Amino acid sequence: MGVMAHIAGLVAAGVIPRPIPYADFVSSSTTKTFCSARSGMVFCKAEHAKLLDKGTFPGAIGSLQLQTMAAKAWSFKYAASDEFKAIMTQVVKNAKCLAEELTKYGFRIVSGGTDNHLLVADLRGKHITGKKFQEALDAVGITVNKNMIPFDPEKPGVTSGVRIGLTSVSQRGLKEPEIREIAAIMNKVAEAPDDEANLAACKAQAQALIARFPLYPAGSFDD
Ligand SMILES: *Cc1c(COP(=O)(O)O)cnc(C)c1O
């Protein structure tokens with residue numbers, strides 16, 4: 001049994017190795033790096049197909065959400081496209097870039113770096129907790145999760161780390177130059193999280209950056 005919920009998009013794009021050949025069953029959510037509707041998928045070896053079908057229906061599921069099935073069907077096709085592969089390739093490049101930049105600013109990256117879409121930064125060298133950093137970054141428009149680090153001396157509600165995912169900024173079109181700017185903003189926030197003027201300046205910088213990457217570029221809805 002393998003779970004690839006976090007990395008399914010990277011797996012689909014061939015950016016990291018696939019668990020499929022090694023596990024009898026592989027399950028995944030379809031959100032996260034797969035970038036689809038909130039749902040899931042399960043793969044299995046042919047010999048288990050009947051068992052899995054029965055367990056799914058009527059075992060686990062009573063009715064169907066056809067709109068979600070349609071969204072997933074679209075996503076499976078999209079996951080095979082060059083565009084999706086390019087985005088997933090950039091997700092890993094962006095994560096590596098952020099890990100390197102934060103290291104330069106004195107953050108310690110747990111496990112020394114990353115090979116996928118996310119990283120966990122140990123904040124103790126910056127003298128700020130995960131809770132405090134998450135809240136200060138929220139105030140400037142950067143979303144991260146506080147996260148325990150191995151042997152964390154802080155409580156689970158406080159933590160000494162944050163976990164940072166690079167999928168959505170990569171989908172949005174951000175590349176290494178923008179990731180370096182985000183790292184600089186994050187460092188400025190960590191250096192003075194209680195300084196309102198500092199947070200206001202960081203927020204303005206973050207807004208100016210993301211304004212260059214509109215969610216729906218001009219002409220998106222033209223025929
Ligand atoms: C994210 C995740 C889930 C939940 O998936 P959602 O689509 O967010 O509800 C379940 N299992 C694992 C291992 C996950 O990483």
Side-chain angles (χ1 to χ4, degrees), residues 6 9-10 31-35 38 83-84 86-111 113-149 154 157-221:
H6 264 277
L10 303 173
T31 52
K32 303 181 179 154
T33 52
F34 199 67
C35 305
R38 165 141 274 136
E83 181 179 310
F84 186 79
I87 294 170
M88 289 296 122
T89 303
Q90 192 63 43
V91 166
V92 177
K93 283 189 193 171
N94 284 348
K96 285 183 188 292
C97 177
L98 186 62
E100 276 167 28
E101 292 297 306
L102 290 179
T103 302
K104 284 185 207 160
Y105 287 118
F107 296 82
R108 183 185 73 92
I109 308 305
V110 170
S111 81
T114 180
D115 297 314
N116 59 28
H117 61 301
L118 55 77
L119 54 99
V120 176
D122 173 356
L123 309 171
R124 289 175 301 174
K126 305 298 286 185
H127 309 292
I128 185 169
T129 65
K131 181 175 193 291
K132 179 106 187 171
F133 197 34
Q134 176 187 320
E135 287 167 0
L137 286 172
D138 266 340
V140 310
I142 295 177
T143 305
V144 305
N145 269 135
K146 64 178 187 278
N147 205 98
M148 299 282 273
I149 58 170
E154 298 286 350
V158 179
T159 81
S160 300
V162 288
R163 126 185 126 147
I164 311 165
L166 279 294
T167 313
S168 51
V169 288
S170 306
Q171 271 190 295
R172 193 85 173 244
L174 278 65
K175 296 198 163 70
E176 286 89 338
E178 292 79 38
I179 301 304
R180 284 193 277 273
E181 192 177 347
I182 289 174
I185 299 171
M186 292 179 76
N187 184 53
K188 269 196 265 179
V189 170
E191 301 265 308
D194 294 314
D195 179 343
E196 292 298 330
N198 178 49
L199 294 187
C202 289
K203 184 175 181 177
Q205 194 182 349
Q207 284 181 338
L209 192 168
I210 204 65
R212 308 200 326 260
F213 298 86
L215 262 181
Y216 300 104
S220 292
F221 299 109

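Here the structure is a predicted model, which means the values were calculated and not measured.
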Minimum heavy-atom separation for Ile109 and Ala121, please, with both atom names. CD1-CB, 4.2 Å
Provide the full list of ring-ring contact (aromatic ring centres under 6.0 Å, His included) pairs with a residue in residues 162-218, sequence neighbours left out, each pair given once. Tyr216-Phe221
Note, Leu98 side chain near Thr114 side chain (heavy atom, < 4.5 Å): no
Judged by atom type as modelled, is there a donor-acceptor pair below 3.5 Å linking the side chain of Asn94 to the main-chain atoms of Ile179? no
Any donor-acceptor N/O pair, Gln134 side chain to Lys146 backbone, under 3.5 Å: yes
With sequence neighbours excluded, residues passing side-chain hydrogen bond (donor to acceptor under 3.5 Å, both in side chains) with Asp138: none
Write down the atom of Leu199, the atom of Ala136, and the distance for their closest heavy-atom approach. CD2-O, 4.3 Å
With rounding to the nearest 0.5 Å, note down the distance linking OG1 in Thr33 to CD in Gln171. 9.5 Å
About how many Å separate CG of Leu123 and OG1 of Thr129, when rounded to the nearest 0.5 Å? 7.5 Å
Separation of Leu174 CG from Leu209 CG (nearest 0.5 Å): 5.5 Å
Is any side-chain heavy atom of Leu137 closer than 4.5 Å to a side-chain heavy atom of Met186? yes
Should the heavy atoms of other residues, nucleotides or ligands under 6.0 Å from NZ of Lys96 be counted, would the total exceed 12? yes
Side-chain heavy-atom pair His6, Leu118 within 4.5 angstrom cut-off: yes
Just wondering, do Arg108 and Leu102 contact through their side chains at under 4.5 Å, heavy atoms? no
Any Lys188 side-chain heavy atom under 4.5 Å of Asn198 side chain: yes
Roughly how far, to the nearest 0.5 Å, is CD1 of Ile87 from OG1 of Thr167? 10.5 Å
Whether Asn145 side chain and Asn147 backbone form a donor-acceptor pair below 3.5 Å: no
The test is side chain to side chain contact (heavy atoms under 4.5 Å, CB included); show your working for Asp115 and Val92 and say whether it passes. CA-CA 6 Å; Asp115 297 314; Val92 177; 5.7 Å; no
Pairs satisfying salt bridge (Lys or Arg N to Asp or Glu O under 4.0 Å), at least one member in residues 172-185, at least two apart: Glu178-Arg212
Is any side-chain heavy atom of Thr159 less than 4.5 Å from a side-chain heavy atom of Ile149? no
Run the salt-bridge test on Lys132 and Glu135 with the 4.0 Å N-O cut-off and return the result as yes or no. no
Closest non-hydrogen atom pair between Gly9 and Phe84, with its separation: O-CE2, 3.5 Å
Looking only at heavy atoms, what is the nearest atom pair of Met88 and Cys35, with distance? CE-SG, 3.9 Å
Do Lys126 and Phe107 meet the cation-pi criteria used here (NZ or CZ under 6.0 Å from the six-membered ring centre, within 45° of the axis)? yes
Looking at Leu166 and Ser170, what are the two nearest heavy atoms and their distance? O-OG, 2.6 Å
